[in-house]
Undergrad: 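Have a look at this one.
These figures come from a predicted structure and were not determined experimentally.
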Amino acid sequence: MALHSKLPYTITNDVLNGDLGADTNWEYTYASRTTQDGKNCIQISAGSANPAYAHQLKNNVIGHQYYMRCLFKSSASFSAIDVKFEQYQPYGGPRAAYVSLVVQNTAFTLYSDIQTAETAASRIRCFSLVGSTVCYITDMIVVDLTAAFGAGNEPDKTWCDSNISYFSGSMIVYK
């Protein structure tokens, strides 16, 4: 058994089925589940005149810090408002946190961020306003860092990127 000089913390991925291993927990509008480069993913389809998205239910704690990460692939670049992996309040409410996906990537590329929830978002979604290209998103993670590590003890983005890879359910990390 390995000995750790760091403390163990249990983290939970709030995204259900974030690797799209099964077609459950997601609702699609102008989007679908597909396989790309051997990975199950959400495809946000080209040619949609309406916003395209896949979403699932989730609630936040206002004031908590959330680490969000996903793998993203596209055939074109976007502006900051075009494509997001986000926690949001439906019906015009503000987003609680999001990762803007703005650069063309011909291979799956890691995108991540840490943001403080300003609203009690009720959805996690992959969202696009772009109607002229195809986007793929997979391996989605949302971790409530404040709940896992305690207020004021949350790790930074560099630590999270280095120590948290895709997982489903809960796992123990050492910090």
Side-chain angles (χ1 to χ4, degrees), residues 11-60 66-115 117 119-145 157 160-161 163-171:
I11 60 173
T12 300
N13 184 358
D14 291 341
V15 180
L16 302 175
N17 195 27
D19 66 351
L20 289 288
D23 199 14
T24 58
N25 304 108
W26 291 97
E27 296 178 32
Y28 303 99
T29 301
Y30 301 107
S32 60
R33 178 181 173 264
T34 191
T35 302
Q36 184 69 209
D37 298 340
K39 292 184 133 327
N40 294 316
C41 54
I42 293 171
Q43 175 181 323
I44 299 178
S45 302
S48 172
N50 299 302
Y53 56 89
H55 70 238
Q56 62 180 251
L57 299 174
K58 188 233 184 256
N59 291 312
N60 287 331
Y66 288 86
Y67 174 63
M68 299 181 66
R69 76 179 263 156
C70 65
L71 295 179
F72 176 73
K73 176 181 174 177
S74 68
S75 59
S77 297
F78 310 102
S79 72
I81 64 165
D82 288 339
V83 181
K84 291 184 176 67
F85 168 49
E86 65 184 359
Q87 300 183 82
Y88 84 110
Q89 180 68 40
Y91 313 112
R95 287 181 307 277
Y98 64 93
V99 178
S100 288
L101 311 170
V102 297
V103 179
Q104 176 180 351
N105 297 295
T106 55
F108 280 106
T109 303
L110 171 68
Y111 280 81
S112 65
D113 201 8
I114 293 176
Q115 295 187 4
T119 64
S122 60
R123 300 272 191 277
I124 295 172
R125 74 176 176 178
C126 302
F127 177 79
S128 175
L129 294 173
V130 177
S132 60
T133 191
V134 178
C135 312
Y136 303 96
I137 302 171
T138 191
D139 291 358
M140 294 159 278
I141 295 174
V142 175
V143 174
D144 183 339
L145 297 174
K157 181 181 171 308
C160 290
D161 287 346
N163 292 280
I164 304 173
S165 57
Y166 178 77
F167 69 99
S168 181
S170 295
M171 67 181 250

Undergrad: So which atom in Gly18 and which in Tyr166 form the shortest heavy-atom distance, rounded to 0.1 Å?
TA: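 For Gly18 and Tyr166, the tightest heavy-atom pair comes out as N-OH, 3.4 Å.
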Undergrad: Is there a side-chain contact between Val15 and Ile141 (heavy atoms, below 4.5 Å)?
TA: no
Undergrad: For Asn17 versus Asn25, what's the shortest heavy-atom pair and its separation?
TA: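 For Asn17 and Asn25, the tightest heavy-atom pair comes out as CB-OD1, 3.8 Å.
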Undergrad: Would you name the heavy atoms of Ala31 and Ala54 that are closest together and state the gap between them?
TA: CB-N, 4.4 Å
Undergrad: Nearest 0.5 Å, please: how far is CE in Met68 from CD1 in Ile114?
TA: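 These two atoms lie 11.5 Å from each other.
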Undergrad: Answer yes when Asp139 and Lys39 have at least one side-chain N-carboxylate O distance shorter than 4.0 Å, and no when they do not.
TA: yes
Undergrad: Do Tyr136 and Thr34 have side-chain heavy atoms sitting under 4.5 Å apart?
TA: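 Touching, per the 4.5 Å side-chain cut-off.
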Undergrad: So do the side chains of Leu110 and Leu71 get within less than 4.5 Å of each other, counting heavy atoms only?
TA: yes
Undergrad: Between CD of Gln43 and CG of Leu20, what distance do you get to the nearest 0.5 Å?
TA: 11.5 Å
Undergrad: Distance-only, no hydrogens or angles: does the Arg123 side chain make a donor-acceptor pair with backbone N or O of Asn59 under 3.5 Å?
TA: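 The answer is no, because no donor-acceptor pair under 3.5 Å joins these two groups.
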Undergrad: Drop me the distance from Glu27's CD to Leu57's CG, to the nearest 0.5 angstrom.
TA: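 With rounding to 0.5 Å, CD (Glu27) is 6.5 Å from CG (Leu57).
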Undergrad: Return the SG to CD1 distance between Cys70 and Ile137, rounded to the nearest 0.5 Å.
TA: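 One gets 5.5 Å once the value is rounded to the nearest 0.5 Å.
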Undergrad: Can you confirm whether Cys135 sits close enough to Lys73 that some side-chain heavy atom of one is under 4.5 Å from a side-chain heavy atom of the other?
TA: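 The answer is no, as the side chains (C-beta and beyond) never meet within the 4.5 Å cut-off.
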Undergrad: Just checking, is any N or O donor in the side chain of Tyr66 or Asp14 under 3.5 Å from an acceptor N or O on the other one?
TA: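 Judged by distance alone, the side chains do not pair up.
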Undergrad: Nearest 0.5 angstrom please: Tyr28 OH to Cys126 SG, how far?
TA: 9.0 Å
Undergrad: What's the spacing between Tyr53 OH and Arg125 CZ if we round to 0.5 Å?
TA: 7.0 Å
Undergrad: Could you report the tightest heavy-atom contact between Thr138 and Cys41, atom names first, then the distance?
TA: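 Answer, listing the atom of Thr138 first, then Cys41: CB-CB, 3.7 Å.
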Undergrad: Search all heavy atoms of Trp26 against all heavy atoms of Leu16 and return the closest pair with its distance.
TA: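 For Trp26 versus Leu16, the nearest heavy atoms are NE1-O, 3.5 Å.
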Undergrad: Determine the minimum heavy-atom distance between Cys160 and Tyr67, stating which atoms define it.
TA: CB-CE1, 3.4 Å
Undergrad: Looking at side-chain heavy atoms only, is the closest gap between Asn40 and Asp19 below 4.5 Å?
TA: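 Result no, sub-4.5 Å side-chain heavy-atom pair not found.
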Undergrad: Any heavy-atom pair between the side chains of Asp37 and Phe108 that's under 4.5 Å?
TA: yes
Undergrad: Quick one, Asn13 and Met140 - any side-chain contact, counting heavy atoms below 4.5 Å?
TA: no
Undergrad: Is the shortest side-chain heavy-atom distance between Ile42 and Arg33 below 4.5 Å?
TA: no
